[in-house]
Asks: 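Here you go, one structure.
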Amino acid sequence: MAYKLLNGKEISGQIKTEISEKVKKNIAEGGKRPHLAAILVGNDGASETYVAHKVKACEQAGFKSGLFRFDNKVSEKELFDKINEINNNDDIDGLIVQLPLPEHISEEKVIQFINPKKDVDGFHPVNAGRMTLGLPAYISATPQGILELIKRNGIETSGKHCVVIGRSNIVGRPLSILLSQKNETGNATVTLCHSRTKNLKEISRHADILIAAIGKEGFVSKDMVKEGAVVIDVGIHRVKSDKTKSGWKLKGDVKFDEVAPKCSYITPVPGGVGPMTIVSLLKNTLLAAEKKIYG
Ligand code: NAP
């Protein structure tokens with residue numbers, strides 16, 4: 001089957017242009033330049049890269065951004081003091097705390113300490129709850145980016161069987177809820193699978209839209225995919241390669257080479273879901289600056 005690539009790099013570029021045009025227009029009309037603050041704890045290579053991409057994307061879209069760095073030994077109190085300061089700074093519209101955090105710091109407590117009005121990652125229980133009920137909320141960036149990628153490629157979700165593999169609070173679970181909402185990007189029949197799912201292959205083979213958010217490189221093989229399915233690969237894995245200058249390359253949760261020929265659409269890794277995640281964060285920050293969610 002001739003498959004089409006769901007080109008997140010290209011679509012995110014279009015969205016970034018739309019966002020920067022909106023920012024220019026808002027400012028010309030006396031509105032506010034969006035301002036995103038990011039907190040990074042420690043020196044984890046992947047986290048450094050993600051935050052650097054987010055900050056760069058902010059600059060490209062005409063946002064203000066600030067990066068607050070702490071070393072691995074930072075106390076919860078120090079971190080909470082900084083979050084409190086940002087929560088009370090009227091110039092800052094959105095705050096993200098890059099995860100994971102060191103073990104001595106409770107991610108749950110940190111997330112709950114962020115003002116929901118500035119929680120542009122959409123991880124706070126207030127935003128997760130409002131999203132679940134279909135109320136205005138900051139929708140977490142990866143699920144939002146996936147829905148946008150589906151929508152902008154004209155892929156219908158209504159009445160389709162969507163199988164999501166992975167039930168994390170940042171990807172699989174919110175995505176499963178969003179796909180089942182009674183709205184334009186929902187109306188799907190959703191099956192949410194995880195490590196205790198029995199007969200996973202039987203279930204995934206019935207998916208019209210299969211979303212892999214497992215965190216295991218090359219987990220999805222061709223025998224798990226229906227002919228003509230849409231396959232969305234959320235996984236990101238750095239694997240060694242002697243074919244690149246850097247000595248490594250990015251791979252996903254799906255065995256792309258063998259799965260792609262069975263698909264109608266498939267996301268590449270890199271260049272699929274990743275760039276869509278970053279522009280969704282920008283979208284949320286723009287909404288925060290415009291006070292569109294909470295007034
Ligand atoms: P996570 O928190 O580790 O969750 C993984 C999920 O996969 C869990 O629900 C787990 O089930 C399930 N799982 C693990 N092994 C399984 C198996 N053998 N069969 C069925 N289900 C299995 O991961 P995450 O944060 O959602 O991230 C998933 C992947 O996406 C990672 O590679 C991550 O790097 C990537 N990611 C990419 C982006 C992006 O922008 N592209 C954003 C976020 C994450 P249990 O719940 O039962 O343990």
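Just so you know, ligand 1 is whichever comes first in the structure, and atom 1 is the first atom listed for that ligand. What you see is a predicted model; the values in this text were computed from it and never measured.
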Asks: Nearest non-hydrogen contact with atom 43 (C) of ligand 1 belongs to which option: Val273, Leu192, Thr267, Val171?
Replies: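 That would be Val171.
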Asks: Are any of the side-chain nitrogens in Asp91 or Lys32 under 4.0 Å away from the carboxylate oxygens of its partner?
Replies: yes
Asks: Quick check: closest heavy atoms across Thr132 and Gln181, and the distance to 0.1 Å?
Replies: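 In this case the closest contact between Thr132 and Gln181 is O-NE2, 3.5 Å.
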Asks: Looking only at distances, please establish whether an N/O atom of ligand 1 is found under 3.5 Å from an N/O atom of Asp253.
Replies: no
Asks: Is there a polar contact, in the sense of an N or O pair closer than 3.5 Å, between Ile236 and ligand 1?
Replies: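 N/O-N/O distance under 3.5 Å: yes.
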Asks: Take every heavy atom of Gly274, measure it against each atom of ligand 1, and state whether any distance is under 4.0 Å.
Replies: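 Distance cut 4.0 Å: Gly274 passes for ligand 1.
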Asks: Mind checking whether Met276 contacts ligand 1 via backbone (N, CA, C, O), side chain (CB onward), both or neither, at a 4.0 Å heavy-atom cut-off?
Replies: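 Answer for Met276: neither.
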Asks: Indicate the atoms forming the closest heavy-atom contact of Ala37 with Phe68, along with that distance.
Replies: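 Scanning both residues, the minimum pair turns out to be CB-CE1, 3.8 Å.
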Asks: Can you tell me which residue and heavy atom of the protein come closest to atom 14 (C) of ligand 1, and the distance to 0.1 Å?
Replies: Ile214 CG2, 3.6 Å
Asks: Does Ala213 come within less than 4.0 Å of ligand 1, judged by its heavy atoms?
Replies: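 Yes.
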Asks: Does any donor atom in the side chain of His237 or Asp253 lie under 3.5 Å from an acceptor atom in the other side chain?
Replies: yes
Asks: From the options Gly272, Ser195, Ser280, select the one whose nearest heavy atom is closest to atom 48 (O) of ligand 1.
Replies: Ser195
Asks: So, does Val234 sit close enough to ligand 1 that a heavy atom of it is under 4.0 Å from the ligand?
Replies: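 Val234 counts as a contact of ligand 1 under the 4.0 Å cut-off.
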Asks: Measure from atom 46 (O) of ligand 1 to every heavy atom in Glu217, Arg167, Lys251 and give the option owning the shortest one.
Replies: Arg167
Asks: Please find the pair of heavy atoms, one from Asn187 and one from Lys182, that lie closest to each other, and give the distance.
Replies: OD1-CA, 3.4 Å
Asks: Who pairs with Ile139 by side-chain contact (heavy atoms from CB on, under 4.5 Å), at least two apart in sequence or on another chain?
Replies: Met131, Gln144, Leu178
Asks: Would you tell me whether Ser65 and His35 have side-chain atoms, one donor and one acceptor, within less than 3.5 Å of each other?
Replies: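 Short answer, no.
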Asks: To which protein heavy atom is atom 40 (O) of ligand 1 closest, and what is the distance rounded to 0.1 Å?
Replies: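 The answer is Thr277 OG1, 2.8 Å.
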Asks: Indicate whether atom 21 (N) of ligand 1 is within a distance of less than 4.0 angstrom of some protein heavy atom.
Replies: yes
Asks: Does His237 come within less than 4.0 Å of ligand 1, judged by its heavy atoms?
Replies: yes
Asks: Based purely on interatomic distance, does Arg196 place a nitrogen or oxygen under 3.5 Å from a nitrogen or oxygen of ligand 1?
Replies: no
Asks: What do you reckon, is NE2 of His206 surrounded by more than 12 foreign heavy atoms closer than 6.0 Å?
Replies: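 Counting other residues, nucleotides and ligands, NE2 of His206 stays at 12 neighbours or fewer.
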Asks: Looking only at protein heavy atoms, which one is nearest to atom 25 (O) of ligand 1, and what is the separation?
Replies: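 Minimum-distance protein heavy atom for atom 25 (O) of ligand 1 reads Ile170 CD1, 3.7 Å.
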Asks: According to ring-ring contact (aromatic ring centres under 6.0 Å, His included), who are the partners of Phe113, at least two apart in sequence or on a separate chain?
Replies: Phe80
Asks: Counting heavy atoms only, name the option from Pro275, Ser168, Gly235 that's nearest to atom 24 (P) of ligand 1.
Replies: Ser168
